[in-house]
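Remarks on the structure that follows.
Here, residue 1 is the first one in the sequence, and each next residue gets the next number. As a basis for the values below, the full set of heavy atoms in this structure was taken, side chains included, without hydrogen atoms, waters or symmetry mates. Since this is a predicted model, take the numbers as computed values, not measurements.
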Amino acid sequence: MRVILDAANGPLHRCTRAKHTALQSLSADPVPSGWFGAPRRASAGDGADKARKRRPPRFTHYSDFVGQWLLPVTGVRVAANHREGQYTWCRQWWAHHGVAVRFAALHAVFEAARVADDGAAMSTLFVSHTDPHMRVILDAAQGPLHRCAPDHHVPQPGLPVSSVPTGWFRSVGSSLPVDELGFGPDFRPFRNNSAG
């Protein structure tokens, strides 16, 4: 309810108690042909469960899910050039890898909720999945679209990375000792031994 009743940014922010004002869904440019590669075809040996065999997915690809279901049900206030507001959007969402991965995950949860026996599955889809993901995706200050505006795409490079030095994690397949606190690999053998 907090999301729905958010007077500043929620889906009802333009409405009053006496007057309904429709909020347009977020818009998007069409996904370029072949952007996600060739569509995957299910084979007989995929081991799909019986529920999926009885009810095919509503959307065969998550880009269809985003354009036809997710964006139309997403009603948030996106301020002009997003600098005054809490949320921003990019019409070329598909060019942002982190956004596309999150939308693919939401699509998987949507399809599972759609065929679930649990009547609360669609509510769970919003409360536990859609709302948290959209808060991150649309975050104008720190989200993956923070440089974009609704009508202006700015490519985002990933985080910089250096090559892992040879032997840093020992050889593939060997186990690393875990430190006594259980927080992960023990990197003490790699400490600079020049101190002392």
Is there side-chain contact between [X] and [Y], with at least one heavy-atom pair below 4.5 Å?
X	Y	answer
Val99	Leu145	yes
Ser123	Val127	yes
Arg102	Ile137	yes
Arg147	His152	no

### Query
Do Glu111 and His107 get their side chains close enough for a donor-acceptor pair, meaning under 3.5 Å?
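Judged by distance alone, the side chains do pair up.
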Find the distance between [atom1] ([X]) and [atom2] ([Y]) and round it off to the nearest 0.5 Å.
X	Y	atom1	atom2	value
Leu70	His133	CG	NE2	10.5 Å
Phe59	Arg114	CZ	CZ	8.5 Å
Phe103	Phe65	CZ	CZ	8.5 Å

Should the pair His153 and His96 be assigned to parallel (<30°), tilted (30 to 60°) or perpendicular (>60°) ring geometry?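 Ring orientation of His153 relative to His96: perpendicular.
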Go through the steps to decide whether Cys148 and Trp93 satisfy the test side-chain contact (heavy atoms from CB on, under 4.5 Å), and finish with yes or no. CA-CA 10 Å; Cys148 296; Trp93 63 265; over 6 Å; no
### Message
I'd like to know if Val109 and Val136 are part of one continuous hydrophobic network [Ile/Leu/Val/Met/Phe/Trp/Tyr, side-chain heavy atoms within less than 4.5 Å].
### Response
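No.
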Checklist entry - Taking all atoms of both residues into account, what is the closest heavy-atom pair of Tyr87 and Ala140, and its distance? => result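 The answer is C-CB, 3.8 Å.
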Review point. Between Tyr62 and Phe110, is the gap from one ring center to the other below 6.0 Å?
Key: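 That pair fails the under 6.0 Å test.
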Qualifying residue, where the test is side-chain contact (heavy atoms from CB on, under 4.5 Å) with Trp94 and the options are Gln92, His97, Arg91 |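 Checked Gln92, His97, Arg91 against Trp94; only one passes side-chain contact (heavy atoms from CB on, under 4.5 Å): Gln92.
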*Please confirm whether the backbone N or O of Gly143 pairs with a side-chain atom of His146, one donor and one acceptor, at under 3.5 Å?*
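Answer holds: yes.
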Exercise for review: Return yes if some donor-acceptor pair links the side-chain N/O of Thr88 with the main-chain N/O of Leu138 below 3.5 Å, else return no.
Suggested key: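 No, because the side chain of Thr88 does not come within donor-acceptor range (under 3.5 Å) of the backbone of Leu138.
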